S.K.: 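Right, I'll just put the structure down here and ask away after.
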Amino acid sequence: MNAKEAVRLFSSQRAIGKTGKYLTLVAFISACGAGVIYREWLKLQKAVHFKTDSVPDKHAKSYIYITSESTDDLVTQVKKNVHWNLAVLEHFLEDRGIGWLPFERRIDDPWRLLRRAQSKNRCDRLAAVSALASKHHWNDSEYRAVAQACDQRTLIGLARSHDVDFRFFLPPPPPPVQASEETLQDALCDLVGSLPRSNIDKCTEFFTTKAMREGHHAVAADHQSGALVFGGTPFSFVTGLSRQPQETQEMNYLLALLSHSEVLSHCVSIVENGGLPVLMRCYLERGSSKKMQCHIAHIIANLSVHEKLHNCIVQAGWVTVLAKWMKSNVTPLASHAARALANLDRDSCKEKYDDGVYVLHPQTRKRAAYEADVVFVHGLMGGAFHTWRQQDQNSKREKAPSKNGVTSNGKPSKTASMIPTKNVPKEKSTNDRLQDGTKTATVTTDQRNGTDSRSRDVQRQSENKVQLNNVSPEGLQQGYTDCWPKSWLSEDIPHMRILTVSYESHITEWAAKCPYGSEKRSLGSRSAELLRKLHKAGVGERPIIWVTHSMGGLLVKQMLVDACDKPDFDQLIENSHGIVFFSTPHHGASLAAMSQQAQFLLYPTVEVKDLTQGSQFLKNLHGRFRAFVQTYQIPVLSFGEKEPTNIGLSIKTFIVPKMSSHPGFGEYHTLDVNHLDICKPADRNSLLYVILVRFIMQNVTKALHKSLAEILTRDLFVDEAEELFYPLGFGFGE
């Protein structure tokens, strides 16, 4: 062997030695990696704790899953094992911040979606919660596992998702054992008695004293009834006369709690004194009473305004109950629950809804930003929901002036029998009818804000021309709705947020729930309070359309002129794009004059005194409002009544005469209805409703980029839409 061969042999042996070292190193690293993955998998198994005690005994068998002997072939079993191992590897790598994987991932994997829902990135969280809520094909074990491992933020997001599967929610915990030994009435009495009694307003003190006094009287009646016996049998009719029904006593306690829940410090006291379990017990034992359910939901919604109580509310199991209530057909109950969940959802909702401000649409999470706010304000003796119900079946439907050739029920008048009309298909929405060129409601009217005198204004309004090529009375008459802004308007203007406000109002002090709240019921006091609440709800950040009935119009007028003097509400003034008045007494109401004449008998309230005809207060308010409308060029739409209203004892009168319902500027229409039905359309094809929707759409123009976003959202699949929008850092329409 020469020297060259020896060198070549030595070099080859050296290369083989290096290769062996490399292979050994690779094998060592692979073994270490496999060990780390296995260790992390064991940690993952130990980290998931299933709450087996949360499953009721009667449903225990439903959550025992026995794996039967597999009948799959060898290839299918290998594929399943590979997918399982890849899922474990995927979770391990995602924990380490490695998002790219060289294989296709399972899109609907529960653990992957739950992990994304707990991400630090807000857009990823919202997309993951939306994906979780859309799953309806999993088995019970997967839903139960996610429910047990779900965090508070994800749970609230699921509760506010549309059409979510209720298997995501665990049943509320049972009340404490020691609490079940006492009656529900005793538990409520102890709770109300433990709340602060000093430094509270007169109405809260009144409700508390009333509840405690009547509760003690009921206990005394129970003890005294045993003395009236004959032969060992008590006289049941004597016992019945000496006590109130049990539900009435419990209702008094709930009213006292409701009054206390409007005070921040008292909300903390309610929670600290065990109020949440007591209310849960009341919910479980009085589930058949919708009125009590509404009061309980109202209290929980008031507690939800304070963020430091959110964890206590969730831990008490109220998210499950609120999610169920929000799907209720009872509009007040669903609205209270929606307000509570919106206040709890700090991840997607920055607004806060105080007592008296309710969201009718959307009550679930919405990715696209709102185009505008439509705010409904009821009138005297009205309600946030009851005022805006559909016209009763036995009420007379409104009719358009016959001189226009068409009545509101879609039938041509005798003087216009030669005008051709076409029937609108029932399946078309109001939005479709307004966009259809052959069936568009057009109204030409004098909309100049300045006029020489009131008589000229009245003369000009008689020249208004209403031309509706088609208005059909049938519409959706088959499906009666108790709140048409929620049922109809939310479909015709889905890109807008619809709010309604609530405040207590009465004609006489005899009917007031609290005799000490008269100073809070003046227009000035209510204006300041409502401005503050609407500001917290985000009203003013986008265009606003105000829709008012009767005294609600005066309240909105007072709010707008008051906001002009407050710099904090400049945005609200600038974004007011339109005002609708349904029979608003701009110059006073005849009912107020009748109340003044019989003031010693009727004892009229403060709000009724403000509505007196010829009142200097109303003259000053209307003058300031006219200047406001002229300055900011705000469109105004007004409706007036043409039929008298039955106020009892077969007495009929015009609550708001025509001369008072016409503000003297803007668009004005009179309809053949009374004061109560002026804001209640008979159906979606009603003249009243069509004109209102047209007015809203004309004064709130949808931006081009949001129109495109709606088209993309409709045409793309959900997963494709998420991949398109969320990586860019915004939702649909933003």
Side-chain angles (χ1 to χ4, degrees), residues 305 342-343 349-360 368-377 447-450 493 495-503 520 522-548 551-581 584 586 617-638 663-667 695-703 705-706 733-734:
V305 177
N343 289 332
C349 183
K350 64 179 182 179
E351 299 88 2
K352 282 190 176 182
Y353 300 99
D354 279 346
D355 186 20
V357 180
Y358 301 95
V359 182
L360 297 178
Y370 311 122
E371 286 285 346
D373 287 335
V374 182
V375 183
F376 286 81
V377 185
Q447 298 194 22
R448 288 177 290 180
N449 295 326
I493 51 172
H495 53 287
M496 301 185 191
R497 183 176 62 161
I498 304 176
L499 303 175
T500 182
V501 300
S502 174
Y503 59 92
K520 296 182 180 180
S522 63
L523 284 178
S525 300
R526 282 199 171 122
S527 170
E529 181 183 8
L530 193 55
L531 277 175
R532 176 183 57 82
K533 292 181 178 180
L534 291 177
H535 182 70
K536 292 180 64 176
V539 176
E541 299 177 0
R542 56 191 69 88
I544 311 169
I545 301 294
W546 304 92
V547 183
T548 68
M551 194 189 75
L554 300 180
L555 179 57
V556 170
K557 289 167 64 175
Q558 184 71 48
M559 288 168 50
L560 293 176
V561 297
D562 288 346
C564 293
D565 302 329
K566 301 178 180 179
D568 295 339
F569 300 102
D570 289 343
Q571 205 172 8
L572 184 142
I573 295 298
E574 295 174 358
N575 282 325
S576 293
H577 284 204
I579 308 174
V580 180
F581 295 112
T584 295
H586 299 282
F617 169 77
L618 291 181
K619 291 181 180 179
N620 295 336
L621 176 61
H622 193 65
R624 296 174 62 189
F625 179 72
R626 177 192 286 269
F628 165 79
V629 170
Q630 293 176 346
T631 301
Y632 293 95
Q633 295 295 308
I634 298 179
V636 175
L637 171 65
S638 303
F665 46 83
E667 182 179 335
F695 178 82
I696 295 174
M697 296 179 66
Q698 283 183 349
N699 293 286
V700 179
T701 305
K702 187 184 298 184
H705 68 282
K706 299 202 173 183
E734 295 182 356

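Just so it is clear, the structure is predicted and the values come from calculations on it, not from any experiment. Because only heavy atoms are used, hydrogens play no part in the values below, and waters and symmetry mates are left out as well, while side chains stay in.
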S.K.: So, for Asp565 and Pro567, which heavy atoms are closest and what is the spacing to 0.1 Å?
M.R.: O-CD, 3.9 Å
S.K.: Determine whether a donor-acceptor pair (N or O, by modelled atom type, separation under 3.5 Å) exists between the side chain of Thr548 and the backbone of Val580.
M.R.: yes
S.K.: Rounded at 0.5 Å granularity, tell me how far CD1 in Ile634 sits from CD in Glu574.
M.R.: 10.5 Å
S.K.: State whether the side chain of Asn575 and the backbone N or O of Gly540 hold a donor-acceptor pair below 3.5 Å, judged by distance alone.
M.R.: yes
S.K.: Can you confirm whether more than 12 heavy atoms, excluding those of His535, are under 6.0 Å from its NE2 atom?
M.R.: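 Counting neighbours around NE2 of His535, 12 or fewer heavy atoms of other residues, nucleotides or ligands fall under 6.0 Å, so no.
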S.K.: Enter the distance from Leu531:CG to Asp562:CG here, rounded to the nearest 0.5 Å.
M.R.: 6.5 Å
S.K.: Looking at Lys557 and His622, would you say the former's side chain and the latter's main chain have a donor-acceptor pair under 3.5 Å?
M.R.: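 Not a single qualifying donor-acceptor pair exists.
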S.K.: Please round to the nearest 0.5 Å and tell me the distance separating atom CD1 of Ile579 and atom OG of Ser638.
M.R.: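 Going from the CD1 atom of Ile579 to the OG atom of Ser638 covers 9.0 Å.
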S.K.: Indicate yes or no: at least one non-hydrogen side-chain atom of Leu534 is less than 4.5 angstrom from one of Met559.
M.R.: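 Side-chain contact under 4.5 Å: yes.
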S.K.: Can the ring centres of His586 and Phe625 be said to be less than 6.0 Å apart?
M.R.: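 Not under 6.0 Å, so no.
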S.K.: Looking only at heavy atoms, which two atoms of Leu621 and Leu554 are closest? And how far apart?
M.R.: CD2-O, 4.0 Å
S.K.: Does the pair Phe628 and Ile573 meet the rule for a side chain to side chain contact (heavy atoms under 4.5 Å, CB included), with working shown?
M.R.: CA-CA 10 Å; Phe628 165 79; Ile573 295 298; 3.6 Å; yes
S.K.: Would Lys350 and Glu541 pass as an ion pair if we require N to O under 4.0 Å?
M.R.: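 Yes, this pair counts.
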S.K.: Say you draw a straight line from CZ of Phe695 to NE2 of His577; how long is it, rounded to the nearest 0.5 Å?
M.R.: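 Atom-to-atom, Phe695:CZ and His577:NE2 are 11.0 Å apart.
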S.K.: What verdict does the side chain to side chain contact (heavy atoms under 4.5 Å, CB included) test give for Leu360 and Leu499, after you've listed the backbone C-alpha separation in whole Å, the side-chain angles of each residue and the deciding distance to 0.1 Å?
M.R.: CA-CA 6 Å; Leu360 297 178; Leu499 303 175; over 6 Å; no
S.K.: Quick one, Arg542 with Val700, criterion side chain to side chain contact (heavy atoms under 4.5 Å, CB included). Give me CA distance, side-chain angles, the key distance, then yes/no.
M.R.: CA-CA 10 Å; Arg542 56 191 69 88; Val700 179; over 6 Å; no
S.K.: A side-chain contact here means heavy atoms from C-beta on lying under 4.5 Å apart; do Met496 and Ile545 qualify?
M.R.: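 No - every pair of side-chain heavy atoms lies 4.5 Å or more apart.
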S.K.: Of all heavy-atom pairs between Leu530 and Val501, which one has the smallest distance, and what is that distance?
M.R.: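 Between these two residues, the closest heavy atoms are CD1-CG1, 3.8 Å.
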S.K.: Write down the atom of Cys564, the atom of Tyr632, and the distance for their closest heavy-atom approach.
M.R.: SG-CE1, 4.5 Å
S.K.: Compare every heavy atom of Arg626 with every heavy atom of Pro663, then report the nearest pair and how far apart it is.
M.R.: O-NH2, 3.8 Å
S.K.: For a quick test of reading the model, state the closest non-hydrogen atom pair linking Val539 to Trp546 and the distance between them.
M.R.: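 Nearest heavy atoms, Val539 then Trp546: CG1-CH2, 4.5 Å.
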S.K.: Once you round to the nearest 0.5 Å, how far does CD of Glu529 lie from CG of Leu555?
M.R.: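 The CG atom of Leu555 is 10.0 Å from CD of Glu529, to the nearest 0.5 Å.
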S.K.: So, do Thr584 and Val556 sit near enough that their side-chain heavy atoms are less than 4.5 Å apart?
M.R.: no
S.K.: Just one of Lys536, Lys533, Lys352 clears the side chain to side chain contact (heavy atoms under 4.5 Å, CB included) bar with Val357, so which one?
M.R.: Lys533
S.K.: So does Glu371 get a backbone contact from the side chain of His495, meaning a donor-acceptor N/O pair under 3.5 Å?
M.R.: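 Not confirmed, His495 side chain does not pair with Glu371 backbone.
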